[in-house]
2 protein chains.
Amino acid sequence: MATIYDVSVMAGVSLATVSRVVNNNARVSDKTRRKVLAAMEALDYRPNAIARSLASNRSDSVGVLVSQLEGPFYGPMMAEIENVLRGAGKHVIIAAGHGDEEQEKEGVQFLLNRGCDALILDVEAVPDAYLVELCQGQTPIVLINRYVTGIDDRCIYLDNERGGYLSTRHILSLGHQKTAYLSGPLYKLDVQQRIKGHQRALEEAGLPFDPELFFEGDFHEGSGRAGMEYFLRLGRAFSALICANDSMASGAIAAALEAGLRVPEDLSVMGYDNVPFPAYISPKLSTISNPIDKMGKMAALWVLQHVYEKTGTSVTGKFMPELIVRDSAQARD
Amino acid sequence: MATIYDVSVMAGVSLATVSRVVNNNARVSDKTRRKVLAAMEALDYRPNAIARSLASNRSDSVGVLVSQLEGPFYGPMMAEIENVLRGAGKHVIIAAGHGDEEQEKEGVQFLLNRGCDALILDVEAVPDAYLVELCQGQTPIVLINRYVTGIDDRCIYLDNERGGYLSTRHILSLGHQKTAYLSGPLYKLDVQQRIKGHQRALEEAGLPFDPELFFEGDFHEGSGRAGMEYFLRLGRAFSALICANDSMASGAIAAALEAGLRVPEDLSVMGYDNVPFPAYISPKLSTISNPIDKMGKMAALWVLQHVYEKTGTSVTGKFMPELIVRDSAQARD
DNA sequence: CTGTTAGCGCTTTCAG
DNA sequence: CTGAAAGCGCTAACAG
C-alpha cells in the first residue's frame, strides 16, 4: 500500500503538499496539484483512515448503537442514517446493545474509542443520568427513541402517549367496550407512555382499565402468541386486542386464528409501529405509524449540522404518530 | 482522556510496561502489574483504538458489507455475525452497498482503509474478477451468498438450484400443472440458479416451462403485487405461483386476495427465504429455508479461525435449503 | 504557495 | 522482567 510519503517522493514535493491536495483545504498551485494527482493515480494511493484519524482527531464516521440488528424495526432507521451520512461523505459504524445495560455501555465505549465524530444512540437499558453525563463529554451525542430531561435538544422521539391514545380511541370509536391490552416490557419508557395513552382514551370514554386483561410481552412474536393464549385461557370476554407493537400483534393474530377466532369478525386487533410486512398479509394490520426511519434521518441531519457544520433543514425532535386504518379492526356488531 | 503516558507516570513505570499489561502478552511481575492496574483504574484509562491500530496494524474489527440494511433479510445475518465476533472481543463495522457496483467498491475501500482485519462481503453488483483480485490482497475476505470459482474456500453460499427445485417439486407433487413463476432480478446469480432448479423440476415431471407465465420482479413486495397483477391481466390459467422470495410472495398474495382469489383454495403460493414475518399471518407461507443467519455465523467463524486463530468447529461453505410446508400451497382439487 | 518539524497514542524491537 | 527509542501514516502549526 502506497503511503503519502511514496506519493511525495514520486511527485517531488513534500508530505505537507500531498496532504494539502488530498484534503483540498489549502491553496496549492495548479501545476503542483497536477503532479501530485498524477503520482497518486500512478501509485493507486489511498489515504490511511486510521492514521488520518489519529493525527487529526476526527474520523469522518459516526457511531450508531441500536438495541438489535435483527427484526423489522431498526433496519429502516439504519438505512436512512447511512443514506444521509453517506451522501455527505461520512460513514457509519454500527454496534448492537441488545437491551442490556452492560452491553450498551460497552458499545458506547467501543464507538468512542474508535474515534467516532458523533454518536447516534438508541439505548434502553442505561439510566438517564448516564446519558446526561455522556452528553457532557467531548463527542456529540444524539438520542433516538428516548426523551431525557436536561438534554432535550439531543432527543429525537415519538409522542408515544399520543400513539397509545390514538390506537385505543380508534378501537373505542368502533364500538368496542371490552378491550385487552398486550404490552411491551414495562421497564421501557415508551411502553409506559403507550399505556398511559391507552388509559387516557379509556378514561375519556368513561371506561375502566381492567388490569386482568393486561399482559406484559417482550415485543416479539412469541410473546404475542403467549399473550393471546393467556387471554383465551382467562375466559374473559373481550372484543378487541390492543397491542404495543406489530410483531406481538402478528403473533396474537396467529394464535387467535389457530384457536378458531376470526379476525376481525370475532376479534379486532390493533398493532403499533407500522412495520412493513403485516400490511401485506391478510388481515392487513391496523396500526399506529412510527416513523422510525424519519427519526433516523433527523438524527443524521442533526449530526451533519452540529458536527460537520453543514446547513440544511431545521431539526425537530418530537415526532407525531398517526393512525393507520386497515383491516384487522372493525366495528363491533 | 487519560493516555498510556499518564498511566505510566502515575504507576512509575515505562510506556512499554503499561502496554504489556494492557495487552497481557508478555511477562510482567505481579507487583508491577498491580501498580499499573491501579493507575489505570484511578485514571479511568481506555486505550485509544485508533492509535493502537496504527501502531499494530490490526484493529480487532471486521468489516461487513451488505447490500441493504433494511428489509427482513440481512438483519438476522448481521446479528449473528455481531454475536459471534463480539463473543471473541472483536467488533463489526457495517457498510451498505445497495446493489450498486460503485457503492459496493466504495464500501470495500472504506472498510479496507479503516484497517479492518477481515471483510465479510455480501455483494452482488461487482464482477467475479474484482473479488478474485480482492482475495489476493492483504486483508482476508469471506464471501457470503455468492459462489466464485477460484476462491471457493472463501465462499459461503446456499445451493439455490436445489432450493428452486424443491419449491417447484413441492408444487408439482400437489398436482398443479400450470404454474407461474415470479422471479427476482435476472442479473443475480442466485436468481438464475433458482430458475434453473425450477426448470429442472418441471422437466423431471415432463412439464414445459412457459416463458409467458414468468415475471421479473425486484425482490420487494411492490413487484410481487405488480407480478400478480400482470399474471391476472394476462388471463392465462394457472393454479400455483412460485416466487423467488417471501417479500414478493407476500405482495402477490395481497394482490391476489384483493382480486378476489382465495389462497390457497384458488391459488397456491410458494415463497423462498423463510423470512420471519410471513409465518405469523394468514395464510402462513409455505417456503424454502434460507439459513442466512447460519451463513453469517459461519462467515464469522471463518474469520475467527483464519484471522484471529481461534480454533473451533470446522467451516463449511455450502448450505442446503429445505422445504417448509405451511398453508399457502395445497393440493389441487 | 511550499517545506520542515512536531506530534497523535500506542506497539514493538532491542538492550540491559 | 523492564526501559529506551523508533516508528505506524498522516495533520497542522510555523517558517520561509
Side-chain angles (χ1 to χ4, degrees), chain A residues 1-40 43-61 109-110 112-117 138-139 308, chain B residues 1-40 43-61 109-110 112-117 138-139 308:
Chain A
M1 207 54 176
T3 74
I4 198 173
Y5 175 77
D6 303 326
V7 176
S8 77
V9 169
M10 180 160 184
V13 297
S14 73
L15 289 183
T17 300
V18 178
S19 176
R20 288 187 186 103
V21 355
V22 168
N23 291 296
N24 198 30
N25 60 0
R27 315 214 55 76
V28 175
S29 80
D30 237 44
K31 198 171 121 224
T32 312
R33 172 185 312 275
R34 262 197 297 279
K35 275 193 304 186
V36 172
L37 289 173
M40 281 170 50
L43 293 168
D44 191 29
Y45 168 70
R46 320 264 179 188
N48 177 320
I50 300 284
R52 185 202 291 244
S53 288
L54 185 59
S56 68
N57 202 30
R58 62 182 159 56
S59 61
D60 289 327
S61 71
Q109 269 313 324
F110 166 68
L112 251 24
N113 292 346
R114 290 232 74 84
C116 291
D117 298 332
Q138 283 302 299
T139 310
Y308 298 119
Chain B
M1 210 52 179
T3 73
I4 198 173
Y5 175 77
D6 303 326
V7 176
S8 77
V9 168
M10 181 161 184
V13 299
S14 73
L15 289 183
T17 301
V18 178
S19 175
R20 289 188 185 104
V21 356
V22 169
N23 291 298
N24 198 29
N25 60 1
R27 314 215 56 76
V28 176
S29 81
D30 237 44
K31 198 171 119 222
T32 313
R33 174 186 309 275
R34 262 197 297 277
K35 276 193 302 187
V36 172
L37 288 173
M40 280 171 49
L43 294 168
D44 190 29
Y45 169 69
R46 322 261 179 190
N48 177 319
I50 300 285
R52 185 202 291 244
S53 288
L54 185 58
S56 68
N57 201 29
R58 64 182 156 57
S59 63
D60 288 327
S61 71
Q109 269 312 324
F110 166 68
L112 252 22
N113 291 346
R114 289 232 73 82
C116 291
D117 298 332
Q138 283 303 299
T139 310
Y308 299 119

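Quick caveat, the model's predicted, so the values are computed rather than measured. Just so it is clear: chains get the letters A, B, ... in the order the sequence lines come, proteins before strands, and each one is counted from 1. Side chains are part of it too, since the values below use all heavy atoms of this structure and drop only hydrogens, waters and symmetry mates.
Between B:V22 and B:P47 the shortest heavy-atom distance is CG1-CG, 4.1 Å. Nearest heavy-atom pair across B:S59 and B:G115 is OG-O, 2.6 Å. What you find for A:Y308 and A:D117 is that their closest heavy atoms are OH-OD2, 2.6 Å.
Minimum atom distance to the side chain of A:S29 is reached by C:dC1, of the listed D:dT2, C:dC1, C:dT4.
Formation of a donor-acceptor pair under 3.5 Å by the A:S56 side chain with backbone atoms of A:R52 is found in this model. Under a 3.5 Å cut-off, the side chain of A:S8 and the backbone N or O of A:V18 do not form any donor-acceptor pair.
The environment of CG in B:N57 is sparse: at most 12 heavy-atom neighbours from other residues, nucleotides or ligands sit within 6.0 Å.
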Next on the checklist: One character per nucleotide, please: for nucleotides 8-16 of chain D, 5' to 3', B when the base has a protein heavy atom closer than 4.0 Å, S when only the sugar-phosphate does, - otherwise.
Outcome noted: BBBSBB---
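An end-to-end axis angle of 30° holds for the helix from C:dC1-D:dG16 to C:dG16-D:dC1, taken from five base pairs per end and rounded to 10°.
Among residue pairs with one or both ends in residues 4-28 of chain B, none qualify as salt bridge (charged side-chain N to carboxylate O under 4.0 Å, His left out); sequence neighbours excluded.
Side-chain nitrogen and oxygen atoms of B:T17 include at least one within less than 4.0 Å of the OP1 or OP2 phosphate oxygen of D:dG3.
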Checklist entry - Do B:R33 and B:N24 pass the side-chain contact (heavy atoms from CB on, under 4.5 Å) test, and can you show the C-alpha distance, the side-chain angles, and the key distance before you say yes or no? => result CA-CA 10 Å; B:R33 174 186 309 275; B:N24 198 29; 3.6 Å; yes
